[in-house]
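Residue numbers run from 1 in the order of the sequence given. Because only heavy atoms are used, hydrogens play no part in the values below, and waters and symmetry mates are left out as well, while side chains stay in. A quick note: this is a predicted structure, and the numbers were derived from the prediction, not measured.
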Amino acid sequence: MSEMITADLVDLDLSAESKEAAARALAERMVAKGRVTDLDGFLADVAAREAQMPTGLDGGIGIPHCRSEHVTEPTLAFGRSAAGIDFGAADGPADLIFLIAAPAGADDAHLTILSSLARQLMNSEFTDALRGVSDAETAAALVRGDVTPAEAAEGAAAAGASAGDASAAEATDTATAPAAASAGAAAGSTTTETPEAEAPEERPFRIVAVTSCPTGIAHTYMAAESLENAGREAGVEVTVETQGSAGFTRLDPAVIAAADGVVFAHDVPVREKDRFAGKPTVDVGVKAGINRPAELITEVRAKAERGEKTAPAGATGTPVDRAGDSTEGYGTKLRKWLMSGVSYMVPFVAAGGLLIALGFAIGGWTVNKAPSVMDHFVWTQSDSWGALLFQIGGMAFNFLVPVLAGYIAYGMADRPGLVPGFVGGAISLSINAGFLGGLAAGLIAGGVVLAIQRVRIPAAMRGIMPVVVIPLISSAVVGFLMFVVIGKPIAAAQKGMTDWLNGLTGANAVLLGALLGLMMCFDLGGPVNKVAYTFATAGIAVASPSDSAMKIMAAVMAAGMVPPLAMALATTVRGKLFTPAERENGKAAWVLGASFISEGAIPFAAADPLRVIPSAMVGGAVTGSLSMMFDATLRAPHGGIFVVPLIGNPFFYLVAIAAGVCVSTALAVLLKGMRKPAQGTPAAGSAESAAPGEKGSKQPVAA
């Protein structure tokens, strides 16, 4: 394994003025060493990680980092800035900047080394030595651990002495001696105090902690080190479980049982959180664990003194609670609950819908009338194979509403919500309440389980609650409500909506197509997009969907293809208006758009939302309305151009897509061409901006 940092990867006079420029300067050193294969692609991954959470830390440290497919081996680059660079830390700019690059499939050994560095950054002697080191080779050796902070400081002092005259060297020795004596005294003091620390018989306060961050490379381990250091200073025993990219080693159950309090410092869900239930708990983001560990320890001790505890196992919070901010409103949580159900349902939609579409393609449009392949299957007949695919797809579709309801309930109440959610979803199917019934059943099931979990239960019964009591009571309540109370009204509403859609013709159908097109292009795979998509797929998720339902599905898929295709075309015809990274993304957007993956336009929308999103929405509305006007139909819920043979009126369907793409492209080019470059930034297409790889080059900035 080659060294992760060498002198070539160190810049002790980093002149960059922004975090983007600093990352580029350090990344260029990685490219020169062959550690990064695509500079712009790697920097896009760094920027995406930075967008999740700023990487500046108190104490003048910036640690931009990411996992990227453009990295060949784990690599560190270090830069020292005299002026300081803003990385979003509360206490100001950073003068020590580490760019941490990990391959997408980095092994445990490399990640362990990276975690060791993260812990060192919490050591003031280490950071002081980095600020004083005078040559790149020593800085690299210090980071690798080949020299200690003390040795690096001695080397810096020696270098300073040799550069001056004898009197300067003498002055340096005189200044160093008291510091060394002080360090020795401190060491001696620590040695003599250790027995005293062990002398008291009173058991120290014990805390178990879990730290985790989105990439699991740096913040995870820095928070752990910070909490452990603060614990030692406060006389508190802190044991940390780091849930990083290299996996995690579970704390001994005995250690958890003996703990007096719990600290969660995390930005991703804590795995197996139930293990820590029933104890005083402080739950914060990972940066709080790094920046204010002493406050967290004080807070959890205060909670323990007041007797505050979390709910017992089985009622420890939901997946949504674990993933989000505790201050989120119910509107935000409701959206997450619904998206939880939709995200689990979509694979059933894609698999079932494509199988059904293939069944029709192979066996003809009468395949839905074929007998069961269990009783009648001829190996040499295409009709039999078409019937087989159709019937498998139909079985997959039968799970749509139960899965939707089950995982909405799961998003609310974790695993105990699955049983009543699935039961409610199945009832919704049986009473013809459909998609709307599934939504209601999932929300009711989750609410019922949460209500049951709030009831105080004797300790002797807690073991059977999640296995017997909760599924029994919640399923009975949900079943009663669905069959007797709300099932019929929802079924009537579902039928009324279906009849209304079937009756849409002319201008009404065109307006509906435009609305669906706007929704598909508004947030490019986000909640609004998913609402439109789910609405369309729910209509075709039956053995014999109506003609209007298939028209809606066609309009939705056509509109969803427009944004990435439009951006791909725009980067092709007017590449000078886009950065090199965007032009590279444009190549991939051709394939993504053709495959009906709206997310292919996200890089463009994120960089310039005020121009890209309106352009995409107008084009999507044009495509959606034209698709409805041309009476195009689609039975498959996914596939893009690859399912064109399964589309009704395929020629005009492609015309609708082409029209929307052209409109979006024209608008995007027009709007981008009207913008003015920021002061000091060359205009798009100038010689300076056209050479992004050269030192000192600048990129166009979105106004």
Side-chain angles (χ1 to χ4, degrees), residues 317-321 323 330-353 393-453 466-467 469-495 497-498 527 530-543 545 549 637:
T318 73
V320 172
D321 292 334
Y330 280 103
T332 301
K333 290 184 177 180
L334 176 61
R335 177 181 60 80
K336 289 186 175 182
W337 295 336
L338 297 178
M339 286 302 103
S340 173
V342 170
S343 65
Y344 281 100
M345 183 191 76
V346 166
F348 286 87
V349 173
M395 293 303 297
F397 262 5
N398 288 339
F399 285 97
L400 295 189
V401 175
V403 166
L404 174 70
Y407 280 97
I408 288 174
Y410 171 77
M412 297 175 67
D414 213 328
R415 285 179 295 178
L418 285 173
V419 173
F422 272 94
V423 170
I427 294 172
S428 177
L429 277 184
S430 69
I431 62 175
N432 296 319
F435 173 67
L436 294 178
L439 291 176
L443 294 172
I444 292 170
V448 169
V449 172
L450 289 176
I452 295 173
Q453 289 175 335
V467 180
V469 178
I470 293 178
L472 173 65
I473 297 176
S474 59
S475 296
V477 172
V478 171
F480 170 78
L481 292 174
M482 290 301 296
F483 271 124
V484 179
V485 181
I486 65 172
K488 288 183 179 180
I490 292 177
Q494 178 83 6
K495 184 178 184 301
M497 184 177 67
T498 302
K530 287 293 186 291
V531 167
Y533 179 69
T534 305
F535 172 68
T537 55
I540 66 168
V542 293

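For the residue pair Ser474 and Val449, the shortest heavy atom distance occurs at CB-CG2, 3.9 Å. When all heavy atoms of Gly406 and Leu418 are compared, the pair lying nearest together is O-CD2, 3.6 Å. The two residues Gly437 and Met482 make their nearest non-hydrogen contact at O-CE, 3.8 Å. Gln453 and Ala413 get closest at one heavy-atom pair: NE2-O, 4.0 Å.
Ile473 meets the side-chain contact (heavy atoms from CB on, under 4.5 Å) test with Ile452, Val469, Val477; sequence neighbours excluded. For Leu472, there are no side-chain contact (heavy atoms from CB on, under 4.5 Å) partners two or more places apart in sequence or in a different chain.
Separation of atoms CG (Leu439) and CD1 (Ile408) is listed at 5.0 Å; rounding is to 0.5 Å. Considering CD1 of Ile486 and CZ of Phe480, their distance stands at 11.0 Å, rounded to 0.5 Å.
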Residues 419-428, side-chain donor-acceptor partners within the protein, below 3.5 Å, at least two apart:
| from | atom 1 | to | atom 2 | distance (Å) |
| --- | --- | --- | --- | --- |
| Ser428 | OG | Gly434 | N | 3.4 |
| Ser428 | OG | Gly434 | O | 2.9 |
| Ser428 | OG | Gly438 | N | 3.3 |

